[in-house]
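The block underneath contains the structure these notes are about, expressed in structure tokens.
Chain A is the first sequence line, chain B the second, and so forth, proteins listed ahead of strands; every chain is numbered from 1.
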Amino acid sequence: MQLYNTLTRQKEEFKQISDPVRMYVCGVTTYDEPHLGHALATVIFEVLQSYMQYRGINVKRVQNFTDVDDKIIDRAAENGVDWFDLTQEHVASFFEAMDGLNVKRADVHPRVTEEIDHIIALIDELVNSGAAYEAGGSVYYRVRRNEQYGKLSGRTVDGVAELARLEPDLLKEKPEDFALWKAWKPGEPSWDSPWGPGRPGWHIECSAMARRYLGDQVDIHGGGLDLVFPHHENEVAQSESATGVVPFARFWVHNGLLRMGGDQKMSKSLGNFVTVRDALKTYSTDAIRMWVFQSHYRSPATYDVENLVAAERAVRRLRQAAEAVNAGVGTGEAYDADHVRQRFVEAMDDDLNTPRALAAIFDLAREIFTEQAKGSDISDAQATLRELVGVLGLTLEEPESNDTTDDAKIEELIEKRQSARQDRDYSTADEIRDQLAEMGVEIMDTPQGTTWRRA
RNA sequence: GGCGACGUAGCCAAGCGGCCUAAGGCGGGGGUUUGCAAAACCUCUAUUCGGCGGUUCGAAUCCGCCCGUCGCCUCCA
């Protein structure tokens, strides 16, 4: 399988050197509702894992929660709530959102607040080796001591130092040094440490958690493109300084950022985000996932109502194909869908090219319909369709409706219409159909009888 | 200012040197089927890939310049 590696800026053959493959994905900071950008990132790495597993490769996926940081503290203060309560609430809302999107849990979901000992131990190592230093109760990483600093993001330390809006902190040796441990300030949560009370800096947590759950090296490290600098760059620096294992991550995989119609990225700081919860009120789980897969993971995806509606209809087509009634008599010959499976695998092997994989699936859907019309046995083809679609986490289930309309009432109307049709009383039949349509019910007359669904 | 990404049909989006007179989805036109619909099927919907040059036997694909859009540069998936 080929994967694009941010570190080398090219696609590389992924070779399994550990079993299971070790995958670390940067998770969310729990101070607000997860939005569609988080959904995008999480779904992509979930599918990378499930596709690899489909190909017979075991993958252990770890995705963290950053449950203590500046934004959480600030938000809690604004809302007058306890920071830890805020954090717990949003861990829950993250899981709720991901369940809603049919995202399988990672193998481990560590939280910073539960990893403090390991974080402190890692910082301690860095201090002892001289890679970091204590100053005023905080600990900073010596960026300039690391000759390789900048290799992931393609930046030079001078470039960073010159124009970056670096924290003015007189205690630091150099402005480009970043905090591993932040000394306690009034009103902030803190833990005891060899340097006094404080809390972890933003980047060190991931190094500590990756190491604890996956070891000194990971095979795949994922996250949004916006994390490349400084977050991932700093992770590389810390981890490699501490362990001496280079590279810390063999493959850096970054997903493109989600943009809003106005071409700006969706972000909490811009306040233009759509929460997963809201999206699920209007669109089905499958539709949202379909929308994610219809563009390549490294391209920026655009959130647009039209795109979601199109995805919803596209899913409906696949559902239709999966549920098509097997004619199975005619030639009796089973239609062979194996070539589609091959196309699917080829596409996914090429840097997780989901749009191309979907193209194969849609072609299969068309073939199912045409073969059905010919009277071929389509059950194998349908099984293949479900198999491939399953790798992408699409269920093809009818979206649940919170419509309270009584099913029995609908069935009753359909029966009434059926008898009217038998009496060739088409105007009554059409009236009933209109009536059903007003109730949001669509009906379809088939040789096997009339079926219906909520529009 | 530095680093980077992108610009393909009405919309979304693959393709990244010859299999491209460019996948797939949505939308739209015409036809088949249907009592009429819905669903489905068939068919049409980019001779062209932001613009201009260049490299090459050959370019949407490589190079240069220009135009436009976006991201990162210590809050961010």
Side-chain angles (χ1 to χ4, degrees), chain A residues 6 9 25-29 31 34-42 44-45 63 66 69-71 74 143 150 153-156 158-160 162-167 175-179 201-203 222-231 233-234 254-259 263-270 290-291 294-296 298-302 304 306-318 320-321 324 343 347 353-363 365-366 368-370 372-373 421 424 426-427 429-430 433 437 442-447 450-453 455:
Chain A
T6 306
R9 303 195 182 249
V25 182
C26 279
V28 296
T29 301
Y31 73 106
H35 65 232
L36 286 175
H38 302 121
L40 187 78
T42 307
I44 284 161
F45 292 104
Q63 182 168 20
T66 298
D69 106 323
D70 295 352
K71 293 188 295 293
D74 293 348
V143 168
S153 59
R155 283 162 217 268
T156 61
D158 290 333
V160 171
E162 242 172 71
L163 283 140
R165 16 172 239 243
L166 295 162
E167 273 175 68
E176 60 272 18
D177 292 346
F178 58 88
W202 176 34
H203 316 295
L225 209 46
D226 53 350
L227 295 180
V228 176
F229 190 88
H231 186 56
E233 190 67 63
N234 290 353
H254 291 104
N255 62 275
L257 301 181
L258 178 54
R259 306 197 306 194
D263 262 2
Q264 271 183 323
K265 77 165 176 170
M266 182 180 290
S267 95
K268 288 177 184 171
S269 47
L270 292 173
M290 175 66 74
W291 165 74
Q294 275 183 326
S295 60
H296 185 81
R298 283 193 285 115
S299 310
T302 306
D304 193 291
E306 254 183 73
N307 299 160
L308 268 303
V309 170
E312 191 78 72
R313 297 206 177 133
V315 165
R316 184 184 277 199
R317 179 171 169 81
L318 293 184
Q320 210 68 251
R343 278 176 62 200
N353 194 322
T354 53
R356 232 164 74 207
L358 281 174
I361 291 174
F362 280 105
D363 284 342
R366 162 159 289 119
I368 285 171
F369 290 128
T370 49
Q372 178 197 32
R421 288 178 71 210
R424 300 190 153 278
Y426 293 120
S427 60
D430 290 350
R433 184 168 59 203
E442 249 183 295
I443 58 173
M444 289 147 282
D445 296 326
T446 73
T450 299
T451 62
W452 63 274
R453 70 176 171 213

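Residue A/Asn255 holds its CG atom at 10.5 Å from NE2 of A/His296, rounded to the nearest 0.5 Å. Residue A/Thr450 holds its OG1 atom at 4.0 Å from CG of A/Asp445, rounded to the nearest 0.5 Å.
Contact of A/Asn353 with B/G15 (side chain to base): no donor-acceptor pair of N or O atoms is detected under 3.5 Å. The base of B/C26 lies outside donor-acceptor range of the side chain of A/Asp304, with no N or O pair under 3.5 Å. A donor and an acceptor atom sit less than 3.5 Å apart, one in the side chain of A/Arg433 and one in the base of B/A37.
Taking every side-chain heavy atom of A/Tyr426 into account, B/G35 is the closest of B/G25, B/A77, B/G35. Nearest nucleotide to the side chain of A/Phe229, out of B/U74, B/A39, B/C26: B/U74. Residue A/Ala359 places its side chain closer to B/G24 than to any other of B/G15, B/G24, B/C72. Between B/G15, B/A77, B/A40, one nucleotide has an atom nearer to the side chain of A/Arg356 than all others, and that is B/G15. Picking from B/C75, B/A40, B/A77 the nucleotide with the shortest atom distance to the side chain of A/Arg317 gives B/A40. Between B/A39, B/A23, B/C26, one nucleotide has an atom nearer to the side chain of A/Arg453 than all others, and that is B/A39. Closest approach to the A/Ser295 side chain among B/G4, B/G25, B/A13 is made by B/A13 (side chain taken as heavy atoms from C-beta onward). Between B/U74, B/C70, B/A39, one nucleotide has an atom nearer to the side chain of A/Gln320 than all others, and that is B/A39. Comparing B/A39, B/A13, B/U74 by their nearest atom to the side chain of A/Thr302 picks out B/A13. With B/U74, B/C26, B/C36 as the choices, the nucleotide that has an atom nearest any side-chain atom of A/Ala310 turns out to be B/C26.
Residue A/Gly27 is in sugar-phosphate contact alone, with no base atom involved, counting any heavy-atom pair closer than 4.0 Å across all strands shown. Using a 4.0 Å heavy-atom cutoff across all strands shown, A/Phe369 reaches sugar-phosphate atoms only and no base atom. Using a 4.0 Å heavy-atom cutoff across all strands shown, A/Gly37 reaches at least one base atom of the nucleic acid. Using a 4.0 Å heavy-atom criterion, one finds that A/Ser153 contacts the sugar-phosphate atoms exclusively. When heavy atoms are screened at a 4.0 angstrom cut-off, A/Ser299 is found touching the sugar-phosphate backbone but no base atom. Here A/Asn307 lies in heavy-atom contact (under 4.0 Å) with sugar-phosphate atoms only. Residue contacts for A/Arg155: at a heavy-atom cut-off of 4.0 Å it reaches a base atom on one of the strands shown. The residue A/Asp363 sits close only to the backbone: its heavy atoms come under 4.0 Å of sugar-phosphate atoms, none of a base. Among the heavy atoms of the strands, none lies under 4.0 Å from A/His254. Note on A/Leu225: nothing from the nucleic acid sits closer than 4.0 angstrom, heavy atoms only.
Annotation: B/U47 and B/G4 have their C1' atoms spaced 34 Å apart (nearest Å). Rounded to a whole angstrom, the distance from the C1' atom of B/A40 to that of B/G51 is 44 Å. Here the separation of B/G29 from B/C72, taken at their C1' atoms, is 45 Å to the nearest Å. B/A9 and B/C44 have their C1' atoms separated by 13 Å, given to the nearest Å. With both ends at atom C1', the span from B/G68 to B/U56 equals 29 Å, rounded to whole Å. The separation of B/A22 from B/U69, taken at their C1' atoms, amounts to 24 Å, rounded to a whole angstrom. Atom name P, nucleotides B/A23 and B/U48: the rounded distance is 15 Å, in whole Å. Of the C1' atoms belonging to B/G28 and B/G58, the separation is 36 Å, rounded to the nearest Å.
Salt bridge A/Glu306/A/Arg313: absent, no basic N to carboxylate O contact under 4.0 Å.
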- Item | salt bridge (charged side-chain N to carboxylate O under 4.0 Å, His left out) between A/Asp430 and A/Arg433, intermediate numbers included | CA-CA 5 Å; A/Asp430 290 350; A/Arg433 184 168 59 203; 3.4 Å; yes
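The ring of A/Phe362 does not lie on top of the base of B/G24; it is either too far (5.5 Å or more) or too tilted (30° or more).
Side-chain contact between A/Arg316 and A/Met290 is absent, with no heavy-atom pair separated by less than 4.5 Å. Residues A/Thr66 and A/Val28 form no side-chain contact, since every pair of their non-hydrogen atoms from C-beta on lies 4.5 Å or further apart. Side-chain contact between A/Arg343 and A/Asp363: present, with at least one pair of heavy atoms (C-beta onward) separated by less than 4.5 Å.
A perpendicular orientation is assigned to the rings of A/His203 and A/Phe178, their planes being inclined by more than 60° (bins at 30° and 60°).
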- Query: How does RNA chain B look in dot-bracket notation if pairs are Watson-Crick or G-U with both distances under 3.5 Å, crossing ones as [ ], other-strand ones as |?
  - Reply: ((((((((.[[[..)..(.....]]]((((((.......))))))....[[[[[..)....]]]]])))))))....
Which atom pairs link the protein and nucleotides 42-46 of chain B when you take only N or O atoms and keep those under 3.5 Å?
from  : atom 1 : to       : atom 2 : distance (Å)
B/C42 : OP2    : A/Arg366 : NE     : 3.3

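Two residues, A/Leu358 and A/Pro300, neighbour RNA chain B, and the one matched to the more 5' nucleotide by heavy-atom proximity is A/Pro300. Heavy-atom distances to RNA chain B give each of A/Arg421 and A/Arg9 a nearest nucleotide, and the one nearer the 5′ end belongs to A/Arg9.
Listed pair A/Arg316 / B/G25 fails the phosphate criterion, with no side-chain N or O lying under 4.0 Å from OP1 or OP2. Contact check, A/Thr156 against B/G2: no side-chain N or O comes under 4.0 Å of OP1 or OP2.
Remark: of the listed residues A/Leu227, A/Val228, A/Asn234, A/Asn234 is the sole one forming a side-chain contact (heavy atoms from CB on, under 4.5 Å) with A/Pro230.
Residues A/Asp69 and A/Thr29 have side chains that never bring a donor and an acceptor to within less than 3.5 angstrom of each other.
Contact between A/Ile368 and A/Ala324 at its shortest, heavy atoms only, is CG2-CB, 4.5 Å.
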